[in-house]
Amino acid sequence: MKIPFELWIGARYAGLTRTRGRGRKGDRFVSFIAGTSMVGIALGVAALIIVLSVMNGFQVDVRDRMLSVLPHIQLIVPNEDPVAVTDDWQKLAKEAQQNPEVEGASAFVAAGGMLARGDVLKGVEIRGVDPANEGKVSELPQQMVNGSLDSLEPGSFHLVIGTNLAQYMGVTVGDTLLLMTPQGSINPSGFSPRMRQFTVSGIFNSGHYEYDSNMAFISVKDAAVLFRDGGAAGVRLKIHDMIRAPEVATQLTNSLPPGVVARDWTMDNRTWFAAVKTEKRMMFLILVLIVAVAAFNLLSSLVMAVKDKQSDIAILRTLGVSPVQIGKIFLVQGSLIGFIGTFLGVFFGCLVAYNIDIVIPFIERLFGIHFLDPSIYFVSTLPSHPEVNDITLIGITSLVLSLLATIYPSWRASRLQPAEVLRHD
């Protein structure tokens with residue numbers, strides 16, 4: 001098969017082929033600047049893939065830590081007595097489990113309260129849970145570091161709190177805390193909040209600071225009685241694919257009895273995920289500038305190549321090569337540099353992103369440093385979650401920028417007049 005001469009000459013100018021002999025000094029210079037352009041594109045693409053993969057990793061890690069405590073979907077029965085809801089929760093759960101996506105269900109009661117011990121006060125979110133079924137909707141039973149979730153028996157008035165909250169309140173298993181609720185009674189001396197003494201029977205660690213310092217769990221029966229005037233009660237659900245939670249919540253709203261509200265986990269964390277999404281977009285735009293700088297470097301190198309190859313262009317034109325074919329030569333040169341640079345960038349970027357758990361510890365041992373100090377950050381390793389869509393978008397963006405960078409030099413080469421070039425030579 002005969003190779004088009006535009007492709008052969010373009011590959012030679014890009015430094016991918018060699019002619020016999022040592023070659024002219026100008027050829028080596030053109031090959032050098034072509035190589036630097038290729039390396040620049042590869043570094044930009046690799047950096048973009050690695051950074052976005054790490055950002056995705058942090059997002060997935062935080063999301064999984066959140067959903068280890070929070071349910072995928074909550075079915076809330078508003079304006080109903082929590083005692084009645086918790087007594088009849090299995091009927092609502094059975095209707096919800098008719099949806100094939102629903103994997104597990106458990107009753108819950110949620111309300112705000114305040115914990116007190118001596119002079120220390122702390123506002124917390126109180127969750128009434130059923131220990132027998134909680135493992136079906138969350139990882140709370142596996143996150144217990146002291147005590148047991150099974151200690152939350154009805155009437156025991158036991159309390160399970162997070163590690164950060166236990167440290168803040170200065171308590172451990174066996175100590176007592178006073179729980180005050182916004183509901184209360186009005187007497188001649190004024191408003192008196194409802195109060196109840198609880199015994200700490202367990203401590204959990206979810207790895208998410210906000211929940212470990214602001215959440216407390218009690219028996220669902222105790223919570224229904226304690227918050228009978230203002231607690232939200234219903235059923236917590238776990239589904240097979242957490243990403244489909246909004247879609248499944250909509251299906252449940254349409255299929256369940258009127259008045260039942262289905263809230264998925266994205267509603268409760270909408271602001272945080274919107275901020276992360278915006279941050280990821282801005283980081284993508286910022287890092288694309290690295291690839292854009294490499295593309296401008298490619299443009300300048302092609303302009304220099306056209307300048308250096310004016311004599312070759314004039315000779316080719318006198319041999320009958322058309323201006324379009326001249327333009328194709330430099331279009332091939334730039335496209336090959338952009339394609340190879342993009343390919344190398346995607347290869348090395350994916351190599352690091354998929355093996356960051358090996359690369360980062362090696363760098364830390366080599367230089368004796370820690371990127372994430374375990375004494376400061378709970379996450380002591382860099383998580384990475386490469387996404388095919390991100391990698392594809394990065395590769396296409398790099399190729400488009402590289403192709404755009406070749407248009408002007410190729411057009412300029414096609415406009416050169418042989419007579420003018422040979423006259424000056």
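By the 4.5 Å heavy-atom criterion applied to side chains, N133 and R236 are not counted as neighbours. Contact of the L115 side chain with the L165 side chain is registered, since non-hydrogen atoms from C-beta on lie closer than 4.5 Å. Q97 has its side chain within reach of V102: a pair of non-hydrogen atoms, C-beta onward, lies under 4.5 Å apart. Contact check for L159 versus L179: no side-chain heavy atoms found under the 4.5 Å cut-off. No side-chain heavy atom of V160 sits under 4.5 Å from any side-chain heavy atom of V129. Residues L48 and T397 have side chains not in contact (no heavy-atom distance under 4.5 Å, counting atoms from C-beta outward).
Heavy-atom neighbours of E103 CD from other residues, nucleotides or ligands within 6.0 Å: above the threshold of 12. More than 12 heavy atoms of other residues, nucleotides or ligands lie within 6.0 Å of NZ in K280, so this atom counts as buried by the packing criterion. Within a 6.0 Å radius of CZ in F339, other residues, nucleotides and ligands contribute 12 heavy atoms or fewer. Crowding of F343 atom CZ: a count of heavy atoms from other residues, nucleotides or ligands under 6.0 Å not exceeding 12. Annotation for R412: atom CZ does not count as buried by contact number, only 12 or fewer foreign heavy atoms lying within 6.0 Å.
A96 and L256 make their closest contact through N-CD2, 4.1 Å (heavy atoms, listed as atom of the first residue, atom of the second, distance). Closest heavy-atom contact between L149 and P141: CD2-CG, 3.8 Å. The shortest non-hydrogen separation linking F284 to I394 is CE1-CG1, 3.9 Å. Residues V291 and G44 come closest through the heavy atom pair CG2-C, 3.7 Å. Taking each heavy atom of L152 and P131 in turn, the nearest pair found is O-CG, 3.4 Å.
Side-chain atoms of Q325 come within 3.5 Å of backbone N or O of S322 as a donor-acceptor pair. The backbone N or O of S151 lies less than 3.5 Å from a partner atom in the side chain of H158, making a donor-acceptor pair. Within the 3.5 Å criterion, the main-chain N or O of N205 finds no donor-acceptor partner in the side chain of T163. Side-chain atoms of D212 come within 3.5 Å of backbone atoms of S206 as a donor-acceptor pair (strictly under, hydrogens ignored). A side-chain donor-acceptor contact under 3.5 Å links S384 to the backbone of A353. Judged by distance alone, with hydrogens and angles left aside, the side-chain atoms of S335 form no donor-acceptor pair with the main-chain N or O of V332 at under 3.5 Å. Although no hydrogens or angles enter the test, the distance criterion places a donor-acceptor pair under 3.5 Å between the side chain of T406 and the main chain of L403.
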For this session: Check the pair D61 / H385 against side-chain contact (heavy atoms from CB on, under 4.5 Å), numbers first and verdict last.
Result: CA-CA 9 Å; D61 189 72; H385 185 74; over 6 Å; no

For this session: Might you work through the side-chain contact (heavy atoms from CB on, under 4.5 Å) test for L298 and S402, ending with a clear yes or no?
Result: CA-CA 7 Å; L298 174 60; S402 300; 4.0 Å; yes

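Exactly one of H72, K238, H240, R244 qualifies for a side-chain hydrogen bond (donor to acceptor under 3.5 Å, both in side chains) with E101. That residue is R244.
By the side-chain contact (heavy atoms from CB on, under 4.5 Å) test, M283 is found to be paired with V51, M55, L287, residues two or more places apart in sequence or in another chain being considered. For the side-chain contact (heavy atoms from CB on, under 4.5 Å) test, no residue two or more places apart in sequence or in another chain qualifies with Q90.
With values rounded to the nearest 0.5 angstrom, I337 atom CD1 is found 5.5 Å from L302 atom CG. Within the model, atoms OG1 of T253 and CZ of R263 stand 11.0 Å from one another, a figure rounded to the nearest 0.5 Å. Note that CG of L75 is 8.0 Å distant from CZ of F108, once rounded to the nearest 0.5 Å. Atom CG of L351 is separated from atom CD1 of I49 by 11.0 Å, given to the nearest 0.5 angstrom. For the atom pair CG of L52 and CD of Q59, the computed distance is 11.0 Å after rounding to the nearest 0.5 Å. The line from CG of N146 to CZ of F204 is 13.0 Å long, rounded to the nearest 0.5 Å.
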